[in-house]
Chemist: 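Right, I'll just put the structure down here and ask away after.
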Amino acid sequence: MIKKLYLPLVALLVLAFSSCSKMGELDPSYFTTDPEVLEAIGGKVPVTITGKFPEKYFKKTATVEVTPVLRWDGGEAKGQPAMFQGEKVQGNDQTISYKMGGTYTMKASFDYVPEMAKSELYLDFKIKKGKKEYTIPSVKIADGVIATSELPTVKSANAAYAADAFQRIIKQAQEAQIMFLIQQANIRASELKSEGIKDFNKKVVAVNGDKKNFKLNNIEISAYASPDGGVKLNTGLAEDRQENTEKYLNKQLKKGEIETQVDAKYTAQDWEGFQELVSKSNIQDKDLILRVLSMYQDPEQRETEIKNISSVYKTLADEILPQLRRARLTANYDVIGRSDEEINAAFDAKEDSISVDELLYAATLTQDNARKEAIYKRTIEKYPNDFRAYNNLGMISYAAGDLNAAENYFKQAASKSASAAEVNTNLGLCELCKGNVAEAETYLSKSTGANTANEALGNLYIKQGQYDRAVQAFGDTKTNSAALAQILAKDYNKAKSTLEAVKNPDAYTDYLMAIVGARTNNADLVKSSMAKVGQKDASLKASAQNDREFAKYANEIQ
């Protein structure tokens with residue numbers, strides 16, 4: 001009898017004990033992450049976690065809160081928790097079978113901070129069963145964080161240069177017209193006394209007499225007849241007007257002892273000029289006249305159809321046609337600016353006559369940054385409202401690593417021209433250096449036209465995690481940032497070529513080359529590149545000890 005009572009009692013005790021027992025610690029083998037080693041992308045550390053609750057583990061009346069936590073020395077960051085429930089729990093969370101267990105996937109994303117470079121990803125578990133709550137030991141599921149995308153290569157980017165508009169040779173032209181009466185080719189004395197002809201002759205004499213500052217290239221004569229007569233008549237008129245004008249001009253040139261080429265031509269019926277004058281006029285039936293010109297190409301048919309528009313023909317005869325009976329004189333000449341030596345001398349002598357573009361050009365004639373700064377500061381003194389000198393002073397400061405001074409100059413430039421593409425490009429770079437990606441994007445949306453706009457956009461795309469787009473923006477640019485984009489896009493051969501071509505390689509150039517070595521299993525490249533890093537920046541080399549890019553190369557980075 002006692003034996004019969006004992007066996008059921010033992011079974012009840014076992015059942016009661018198993019129902020009250022806690023859910024135990026989970027083995028790390030139940031979890032995987034993608035990526036296996038965490039990586040900063042676009043200022044975030046994203047991860048997809050796949051987990052498993054084993055068979056006969058998840059109590060039927062339990063709920064489990066799983067929280068991803070990225071921990072480092074002195075801090076941690078928590079991701080969004082996920083909830084799971086047993087088979088007898090009434091709720092909307094994922095149900096896990098006690099007998100079969102179950103798998104799940106959850107995503108997490110952490111805002112990147114530099115301390116995460118040496119960190120580990122854990123899962124924390126909080127279990128609730130009835131009124132009882134308890135935790136089980138956290139499970140480490142991944143190492144983190146590869147932070148290559150956060151390398152500050154943007155600080156060595158090329159700021160945008162605001163160019164001068166200096167031209168040593170500027171092409172100019174002086175024009176004048178001699179008007180003729182209807183069906184006449186003789187040049188009237190009144191025409192030769194017109195202000196236009198007087199100014200033309202004076203300019204030709206002045207240009208020819210100052211061979212240091214000017215060069216007279218040629219004089220063109222274009223003679224015309226209006227299209228209101230027959231083709232034969234107009235051809236003779238236009239040809240005679242050309243010859244008479246050419247005789248007058250040659251006489252003037254001989255008188256002034258001026259030698260230059262004269263190119264003369266005539267147009268028998270100036271339909272092109274007629275169309276232009278009608279288009280600009282307000283005469284009645286203007287559109288009808290223009291339609292006739294487009295419909296008919298034969299000169300005589302055109303003339304006939306236009307004369308048939310009797311309502312406007314008198315206006316044409318009085319206002320339009322007389323303007324077409326002419327000979328146009330055009331003197332083509334070059335304005336010759338100062339030589340490089342003369343511009344430098346003018347700056348050194350503090351000549352007041354030096355122009356803003358001559359000053360800005362002078363800065364391009366030296367590689368001495370101190371002289372460049374002096375030139376730009378003189379430009380600001382003399383032309384305080386021109387943004388370009390402020391911008392270019394900022395460019396010099398940016399290249400020297402003085403971000404505060406650079407930003408100050410760029411903001412002064414913006415106060416003179418807020419829409420200038422160069423200024424917006426450079427302010428965008430400054431914001432990227434400070435980690436303000438949204439502000440940088442606002443500036444760079446107005447960078448179109450700046451000489452380094454695409455390079456700046458490439459740096460923006462790196463910060464946004466758009467690596468393929470960054471590579472495209474950089475194109476053939478040979479900079480640290482261009483190589484960084486290629487590394488992040490996993491084009492290691494191209495990255496290596498880019499780094500080898502960087503004009504002024506610095507410690508980050510070599511550091512990136514070491515990363516290329518690590519990612520391509522080239523221990524010798526890691527070692528030789530890291531040795532160069534140590535020669536240029538000991539602190540950067542020291543940081544490699546915590547960089548998971550070099551987890552397998554402890555000896556090579558010593």
Side-chain angles (χ1 to χ4, degrees), residues 42-43 111-112 149-165 356-357 359-360 363-364 369 372-373 375-377 379-381 383-467 469-475 477-482 484-485 503-504 506 508:
D111 291 335
Y112 175 78
S149 66
E150 295 294 322
L151 289 174
T153 58
V154 66
K155 293 183 178 180
S156 61
N158 294 304
Y161 168 68
D164 62 87
V356 62
D357 286 301
L359 281 167
L360 293 171
T364 69
N369 280 338
K372 284 181 183 287
E373 288 186 28
I375 293 171
Y376 289 137
K377 288 178 179 178
T379 307
I380 288 172
E381 291 174 8
Y383 302 99
N385 293 321
D386 195 303
F387 81 92
R388 293 175 293 177
Y390 296 99
N391 180 85
N392 294 350
L393 278 169
M395 184 183 67
I396 293 172
S397 296
Y398 190 94
D402 191 343
L403 184 62
N404 290 332
E407 187 173 20
N408 180 53
Y409 280 126
F410 294 146
K411 286 182 176 179
Q412 290 184 74
S415 71
K416 310 302 176 184
S417 180
S419 63
E422 297 85 358
V423 176
N424 283 289
T425 298
N426 296 334
L427 286 172
L429 288 175
C430 289
E431 294 299 336
L432 286 176
C433 288
K434 295 185 292 184
N436 301 328
V437 178
E439 291 85 347
E441 185 173 16
T442 299
Y443 281 120
L444 294 179
S445 68
K446 297 175 283 188
S447 67
T448 303
N451 64 315
T452 60
N454 286 341
E455 183 182 344
L457 286 171
N459 279 283
L460 172 66
Y461 296 145
I462 288 175
K463 291 296 185 183
Q464 294 176 331
Q466 302 183 69
Y467 303 141
R469 197 173 179 185
V471 169
Q472 185 177 6
F474 282 118
T477 303
K478 307 299 183 185
T479 63
N480 290 345
S481 290
L484 174 59
K503 187 175 180 181
N504 297 305
D506 58 14
Y508 280 100

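For this chain, numbers begin at 1 and follow the sequence in order. Predicted, not measured: the structure shown is a model, and the values here were computed from it.
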Chemist: Which heavy atom in C433 sits nearest to a heavy atom in V154, and how many Å separate them?
Modeler: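 The answer is SG-CG1, 3.8 Å.
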Chemist: For the atom pair CD (E431) and CG (L460), what is the distance rounded to the nearest 0.5 Å?
Modeler: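 Rounded to the nearest 0.5 Å, the CD-CG separation comes out at 11.5 Å.
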Chemist: Given 3.5 Å as the limit, does a donor-acceptor pair link the side chain of R388 with the main chain of L360, or not?
Modeler: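 No; judged by distance alone, with no hydrogens or angles, the pair does not exist.
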Chemist: Look up atom CG in L457 and atom OG1 in T452, then write down how far apart they are to the nearest 0.5 Å.
Modeler: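 One gets 9.5 Å once the value is rounded to the nearest 0.5 Å.
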Chemist: Between E407 and K411, is there a side-chain N and carboxylate O pair less than 4.0 Å apart?
Modeler: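 K411 and E407: salt-bridged.
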Chemist: Is there a side-chain contact between N426 and Y398, using heavy atoms and a 4.5 Å cut-off?
Modeler: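 The answer is no; the side chains never approach within 4.5 Å.
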Chemist: For A470 and G458, which heavy atoms make the closest approach, and how far apart are they?
Modeler: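 Result for this residue pair: CB-O, 3.5 Å.
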Chemist: Rounded to the nearest 0.5 Å, what's the gap from CG on N369 to OH on Y376? Could you check?
Modeler: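 Atom-to-atom, N369:CG and Y376:OH are 9.5 Å apart.
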Chemist: List the steps and the verdict of side chain to side chain contact (heavy atoms under 4.5 Å, CB included) for Y443 and L432.
Modeler: CA-CA 10 Å; Y443 281 120; L432 286 176; over 6 Å; no
Chemist: Under 3.5 Å, is there a donor-acceptor pair between the side chain of E455 and the main chain of N158?
Modeler: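 Confirmed, E455 side chain pairs with N158 backbone.
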Chemist: Using a 3.5 Å distance criterion without hydrogens, assess whether the side chain of N436 forms a donor-acceptor pair with backbone atoms of E439.
Modeler: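 No, the answer is negative, given that no donor and acceptor are paired below the 3.5 Å cut-off.
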Chemist: Evaluate K377 against L393 for side chain to side chain contact (heavy atoms under 4.5 Å, CB included), listing each step before the verdict.
Modeler: CA-CA 8 Å; K377 288 178 179 178; L393 278 169; 4.0 Å; yes
Chemist: Looking at A414 and L427, what are the two nearest heavy atoms and their distance?
Modeler: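 That would be CB-CD1, 4.2 Å.
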Chemist: Measure across N454 and A473 and return the closest heavy-atom pair with its distance rounded to 0.1 Å.
Modeler: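 Shortest heavy-atom separation between N454 and A473 comes out as CB-O, 3.4 Å.
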Chemist: Tell me the side chain to side chain donor-acceptor pair (under 3.5 Å) pairs involving residues 412-425, sequence neighbours left out?
Modeler: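 Listed by first then second residue: nothing to list.
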Chemist: Counting only heavy atoms from other residues, nucleotides and ligands, does the tally under 6.0 Å from NZ of K155 exceed 12?
Modeler: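 No.
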Chemist: Working note: R469 + Q464, criterion side chain to side chain contact (heavy atoms under 4.5 Å, CB included); need CA distance, chi angles, decisive distance, verdict.
Modeler: CA-CA 10 Å; R469 197 173 179 185; Q464 294 176 331; 5.5 Å; no
Chemist: Please assess N391 against Y409 for the test side chain to side chain contact (heavy atoms under 4.5 Å, CB included), listing each intermediate value before the final yes or no.
Modeler: CA-CA 6 Å; N391 180 85; Y409 280 126; over 6 Å; no
Chemist: Just by distance, do the side chain of N459 and the backbone of L429 share a donor-acceptor pair under 3.5 Å?
Modeler: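 Not at all, since once roles are kept as given, no pair shorter than 3.5 Å links the two residues.
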Chemist: State whether the side chain of Y390 and the backbone N or O of P384 hold a donor-acceptor pair below 3.5 Å, judged by distance alone.
Modeler: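 It does hold such a pair.
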Chemist: Any heavy-atom pair between the side chains of D386 and T379 that's under 4.5 Å?
Modeler: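 T379 does not reach D386 side chain to side chain.
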Chemist: Which atoms form the tightest heavy-atom contact between S447 and A421, and what is the distance?
Modeler: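 Closest heavy-atom pair between S447 and A421: O-CB, 3.6 Å.
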Chemist: Is any side-chain heavy atom of F474 closer than 4.5 Å to a side-chain heavy atom of L484?
Modeler: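 F474 does not reach L484 side chain to side chain.
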Chemist: To the nearest 0.5 Å, what is the distance between OG on S481 and OH on Y508?
Modeler: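 If I round to the nearest 0.5 Å, the distance is 11.5 Å.
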Chemist: Can you find a pair of side-chain heavy atoms, one from T153 and one from T479, that are under 4.5 Å apart?
Modeler: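 They are not in contact (no side-chain heavy atoms under 4.5 Å apart), so the answer is no.
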Chemist: Taking the side chain as everything from C-beta on, heavy atoms only, tell me whether L403 gets closer than 4.5 Å to C430.
Modeler: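 Sidechains of C430 and L403: in contact.
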Chemist: Which heavy atom of A162 sits nearest to which heavy atom of F387, and what is that distance?
Modeler: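 Taking every non-hydrogen atom into account, CB-CE1, 3.9 Å.
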